[in-house]
Amino acid sequence: MRLSDKILKGKLDSYNYRKLKALGNLCLEKITAEVIDICQPRSVFVRTDAPQDALYIRKKAIANREEAYLKTKGHTVHFDGFYDQARDKKNTKYLVSSTRSTPSYLNCIDKRKGLSEIRTLMQGIMRDKEMFVSFFCLGPKDSMFSIPALQITDSAYVAHSEDILYRPGYEFFKRHAGGGNFFRFIHSAGELENAVSKNVDKRRVYIDLDSNTVYSLNTQYAGNTVGLKKPALRLAINKAAQEGWLTEHMFLMGVYGKGRKKTYFCGAFPSACGKTSTSMLKGERIVGDDITYLRKFKGKAYGANVERGIFGIIQGIDSKDNPLLYEALRREGEIIFSNVLVYRGRPYWVGKDGKIPAEGINFSGEWFEGKKDARGNLIPPSHKNARFTLRLKCLSNVDKNLESPQGVEIGGFIYGGRDSDTSVPVEEAFSWQHGIITKAASLESETTAATLGKEGVRVFNPMSILDFLSIPLFKYIKNNLDFARGLKRVPKIFSVNYFLKSKDGSYLNDVSDKHVWLKWMEKRVHNQAGALVSPTGLIPIYDDLKFLFRSVLKKNYAYEDYEKQFTIRVKENLDKMERIWAIYQKEKSIPKVLFKELSAQRKRLENYRKKLGDYISPSYLKLA
Ligand code: SPV
Ligand code: MN
């Protein structure tokens, strides 16, 4: 008998053993046996696509106290440890054969050293616990986008979250995971105390791009543990660059235009900069809010949501600005609320309609108003990174093409950051190359209270992907540039900025204005709106926006507002070009065309400055 089979037979009961064997995948059997051998779980559960298997996991999450029922049917709450509330950037590392020439933004560790550390930590880590073996499909099933994935975890919460967020893939795995062709995620929450990971000092997320494996240990927070989310994003960025397609940190949505024609956009924004709220705009259709795969087919660009659910930030979700989500969060149905405040069986969060209770249970345990942490800081009722996990199909605005194997044809790419003083609210790039270089690869965003550290600091975040990048920047940018090759219909590229401020520090736009920018972009894709030529791209004409403000928001749009918002800030744009230039100059192997495009933009800005000064009103700009 093969060693791995002996281990499996020794640990799996006959029912689970049969389920695993039915997959007919020796590579999978070997991996599973290895994990059992080292982690020493008490028992093993193998999940098929049958609804009763999903139910088994859901019940286990309650039984092992990783989740608890709330009053509303289907709702549960999960808490992560006090110090385990976000992605752990410091301890997330790539296993590489040599750390000598790795770029600074890729956190790397010598593979032998890293693997030995992981093996030591894994020794007996699942003792007394049940191990769940699940199979999923990244992207819609049986499509050009699909990637099979294996998740092994001792956390029923993680397995449950994945069931909400990803398509079940047991049957798919049977047909498409031969020859070891699948992503692998191995997770253990480690030793638990009050149902949360105890040893967060031993928290590790180690990524092996060679074997498409991610190990995640001593943590529960989904951004670290749900393998199919951010760990898979990292693996897929690498795979896509090798195979000539794109994996992006992007929402995907349909926007209605003239005659109810729907045009699809994908959009990259750093965390907490309006990504989910844009994709959830009332009247439009959401396909996804976080990760999109993009492929070319017969000369057109198609996108698909990697996921089938949302793991979204709950802070600030109210009935006014997020009516559709708010409604969904109150309805019966399978939802996990994490790190919110629970009072009398109901979830509360900062920014919810109405008053927040002065006591309850939260991520710090028993909570009361005024409670302080060990450092003397006030503990908020809900964590700023508190989240909800739900299926997209619970939403009234979900697009009917969510599961389409063909994906949806993309009309435009949108890049947005938090920028108080440089870019106009919406602008179209002159071309694919101009957009990828001066908008996507030049994206900067100011830090918010939602990230650790000082607020309002501008940080470079190309394509909003820097946190997840798994390959050198030059390769990633080149892959983006090359994507337009062979396309008969090249998607347009736009930048948006919801955070522009006036000199006195007040925002120049309302939260709802983003809907108008979206409708303008839709019109541009179909040449139904004109544009003015600025040194940085093509901006809207006042009359088009006036019409859209009236029809979309029932609002009057004053010319003075337009002028303030769309004045080209030449000086700030030149400063930005200088910052970006300096960053790329330090990078290795950056395509020459990037410097050419940046330098052309700088020249245009300087020429405009000579003629029209540092701040140029749109009234001086010519029609495109
Ligand atoms: C993000 O931070 O971009 C998220 C949440 O989508 S996490 O899963 O933590 O990455
Ligand atoms: Mn994200």
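The shown structure was predicted, so the numbers you read here are calculated from the model rather than taken from an experiment. Just so you know, ligand 1 is whichever comes first in the structure, and atom 1 is the first atom listed for that ligand.
Atoms of ligand 1 found under 4.0 Å from any heavy atom of F311, numbered from 1 in the order shown, are 8 (O). Close approach to H249 involves these atoms of ligand 1, each under 4.0 Å from a residue heavy atom: 3 (O). Within ligand 1, the atoms closer than 4.0 Å to a non-hydrogen atom of D290 are 6 (O), numbered from 1 in the order shown. Ligand-side atoms of ligand 1 in range of K229: 8 (O), range being under 4.0 angstrom from any heavy atom.
Both the sub-6.0 Å distance and the 45° axial angle are satisfied by R418 relative to the ring of F499. Note that K275 lies outside the cation-pi zone of F251, set by a 6.0 Å cut-off to the ring centre and a 45° limit from the axis. Seen from the ring of Y507, K501 counts as a face-on cation partner, given the 6.0 Å and 45° thresholds.
Scanning the protein for heavy atoms near atom 3 (O) of ligand 1, the closest one is S271 OG, 3.0 Å. Remark: minimum distance from atom 9 (O) of ligand 1 to any protein heavy atom is reached at Y221 OH, 2.6 Å. Shortest contact from atom 4 (C) of ligand 1 to any protein heavy atom: K230 NZ, 3.0 Å.
Under a 4.0 angstrom heavy-atom cut-off, R387 registers as being in contact with ligand 1.
Across all their heavy atoms, L473 and Y105 have their closest contact at N-OH, 2.7 Å. In plain terms, the two heavy atoms of V226 and Q151 that are nearest each other are C-OE1, 4.2 Å. Here the closest non-hydrogen pair linking Y302 and G407 is CD2-C, 4.3 Å.
With atom 8 (O) of ligand 1 as the reference point, the heavy atom nearest to it among G223, G312, P270, A272 is part of G223.
The closest side-chain donor-acceptor pair between S155 and T153, if any, does not fall under 3.5 angstrom. With no hydrogens or angles considered, no side-chain donor-acceptor pair links N497 and S423 at under 3.5 Å.
At a cut-off of 2.8 Å, K230 is counted among the residues with an N, O or S atom near the Mn ion (ligand 2).
Taking the Mn ion (ligand 2) as reference, D290 places its N/O/S atom OD1 nearest.
Where the criterion is an N or O separation shorter than 3.5 Å, residue side chain and backbone included, R87 meets it with respect to ligand 1.
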